[in-house]
Amino acid sequence: MVFARVASLLSLGALLSSSLTPVAAFAADAPAAAKPAAAATPAQEAPIDPNATIATVNGQKITVADVQKAAANVPPQLRQLPEKMILPMLVKQMVDQKAIQILAHQEKLQDKPEVQEAMQHAADNALQSAWLSDQVKPLLTDDAIKAYYDKNYASKKPEEEVHARHILVKTEAEAKDIIAKLKGGANFGTLAEKLSTDTGSAKQNGGDLGWFKKGDMIPAFSDAAFAMKPNTYSQTPVKTQYGWHVIQVLETRTAPVPKLDEVKDKIRQDILQKGISDAVAKAEKAVKIVRYDPTTGKPLPDAPETPAAAPAKP
């Protein structure tokens, strides 16, 4: 069967690492998944030509190169399946898409205003992504990642970390009542699960916030937590913008400086985000922008630029 031969000669790893696959990953929020190693190509088999036809739909070709591009969008969980299953699935998906496109053209759906608008929107997004890719890709070099690591990690002193949990309530009186219960022998985790108004996962975990550095939390919370000793809880309520906290410090430690491999994905993401932000600013400066009052239709005066404030961290 043709799919068996394709699978034997062209592994998913090879598809994903192909030079034909465009790289324009800006969602991302999340680091790229590790790619499976390419299977060895049998010595007796010649490589498949990227232009080789895998299927046709009404005479329209689907080639190996088309499958290579589709493989770049395979979700990480799907890559765990055997390649002999994934490749036929990709081809079937592409055949189905081609069939739908052919019927849509036959029915003149491309002439509908709403479809034309959607197609133009998709084209605009593709053009925008291509420009951002050209601006940012040159920044993501090994040298740039190493320089970022040296500046932001290797040159920094090891930081203190605290492992703590908390109970968040609306009023100081409630916080004082919780402290009284703790002094009477109540279990901190039980009180957190029962009384805390924290909407995050900490409530379900007995108020546990895990390990954090001083800069990871808002100042009032960090100042209180880092001033405490292990196995103690706050004797007075701690006020923040979120309410009143009772904090328990479980452990403290000095966090080692991470190795480059441990933070490489995060560094790439940081460089990527800054690169996109700089590119957007560059685009705005290169064009004339006029904003209008929608109620009067008159141009609005240019607003003074203000630096973005760092978001508060709960």
Side-chain angles (χ1 to χ4, degrees), residues 16-33 35 50 65-66 68-76 94 97-98 100-101 104-105 108-153 215-216 218 241 263-314:
L16 291 170
S17 61
S18 166
S19 60
L20 292 174
T21 301
V23 179
F26 295 111
D29 39 281
K35 301 174 183 176
D66 295 327
Q68 288 175 318
K69 294 175 183 177
N73 297 318
V74 172
M94 298 179 73
Q97 290 172 343
K98 185 73 71 176
I100 292 171
Q101 292 165 13
H105 275 281
K108 306 294 184 184
L109 294 183
Q110 70 275 17
D111 296 335
K112 288 189 172 183
E114 63 270 23
V115 177
Q116 290 180 347
E117 181 180 354
M119 292 171 68
Q120 184 60 54
H121 181 67
D124 290 343
N125 281 341
L127 188 61
Q128 172 183 298
S129 295
W131 186 81
L132 286 173
S133 178
D134 284 347
Q135 300 297 309
V136 175
K137 280 169 60 178
L139 305 176
L140 297 173
T141 64
D142 289 340
D143 288 343
I145 291 172
K146 179 64 165 57
Y148 188 100
Y149 172 79
D150 290 341
K151 178 181 179 181
N152 296 280
Y153 291 91
D216 293 339
I218 54 179
Q241 65 207 61
V263 292
K264 195 170 186 178
D265 287 337
K266 183 181 184 306
I267 291 174
R268 285 178 59 87
Q269 190 67 21
D270 290 345
I271 295 175
L272 182 65
Q273 289 177 346
K274 185 176 187 308
I276 292 176
S277 177
D278 291 346
V280 172
K282 174 183 175 181
E284 289 181 348
K285 290 180 180 179
V287 296
K288 181 177 177 57
I289 300 172
V290 181
R291 294 177 173 84
Y292 294 86
D293 184 332
T295 58
T296 64
K298 294 181 178 180
L300 294 172
D302 292 336
E305 293 186 7
T306 55
K313 298 177 183 178

### Query
salt bridge (charged side-chain N to carboxylate O under 4.0 Å, His left out) between Lys266 and Asp270: does it pass, once the steps are laid out?
CA-CA 6 Å; Lys266 183 181 184 306; Asp270 290 345; 3.0 Å; yes
### Message
Could you measure the distance from the CG atom of Leu109 to the CG atom of Asp111? Nearest 0.5 Å is fine.
### Response
8.5 Å
### Task
Check the side chains of Gln269 and Asp265 for a donor-acceptor pair under 3.5 angstrom, ignoring hydrogens and angles.
no
### Message
Could you tell me if the side chain of Lys146 sits less than 4.5 Å from the side chain of Ile267, heavy atoms only?
### Response
no
### Message
Could you measure the distance from the CG atom of Leu132 to the NZ atom of Lys137? Nearest 0.5 Å is fine.
### Response
12.0 Å
### Query
Between atom CD1 of Ile276 and atom CG of Leu139, what is the distance when rounded to the nearest 0.5 Å?
10.0 Å
## Note on the structure
Smallest heavy-atom separation, Ile271 atom then Ala144 atom, equals CD1-O, 4.1 Å
### Query
Any idea which heavy atoms bring Val115 and Gln110 closest together, and the distance?
CG1-CA, 4.1 Å
### Message
Surrounding CD of Glu117 (heavy atoms of other residues, nucleotides or ligands, distance under 6.0 Å), is the total greater than 12?
### Response
no
### Message
Just verifying a value: how many Å separate Ile145 CD1 and Asp150 CG, rounded to the nearest 0.5 Å?
### Response
12.0 Å
### Message
For Gln273, is there any backbone N or O sitting under 3.5 Å from a side-chain donor or acceptor partner on Ser277?
### Response
no
### Query
Which pair of non-hydrogen atoms, one from Met94 and one from Asp66, has the smallest distance, and what is that distance?
CE-CB, 3.2 Å
### Message
Show, in sequence, the C-alpha distance, side-chain angles and deciding distance for Gln120 and Asp124, and conclude whether the side chain to side chain donor-acceptor pair (under 3.5 Å) test is met.
### Response
CA-CA 6 Å; Gln120 184 60 54; Asp124 290 343; 2.8 Å; yes
### Query
Under a 4.5 Å cut-off applied to non-hydrogen side-chain atoms, are Gln97 and Gln101 in contact?
yes
#### Entry: Nearest heavy-atom neighbours spanning Pro138 and Ser133
CD-O, 4.1 Å
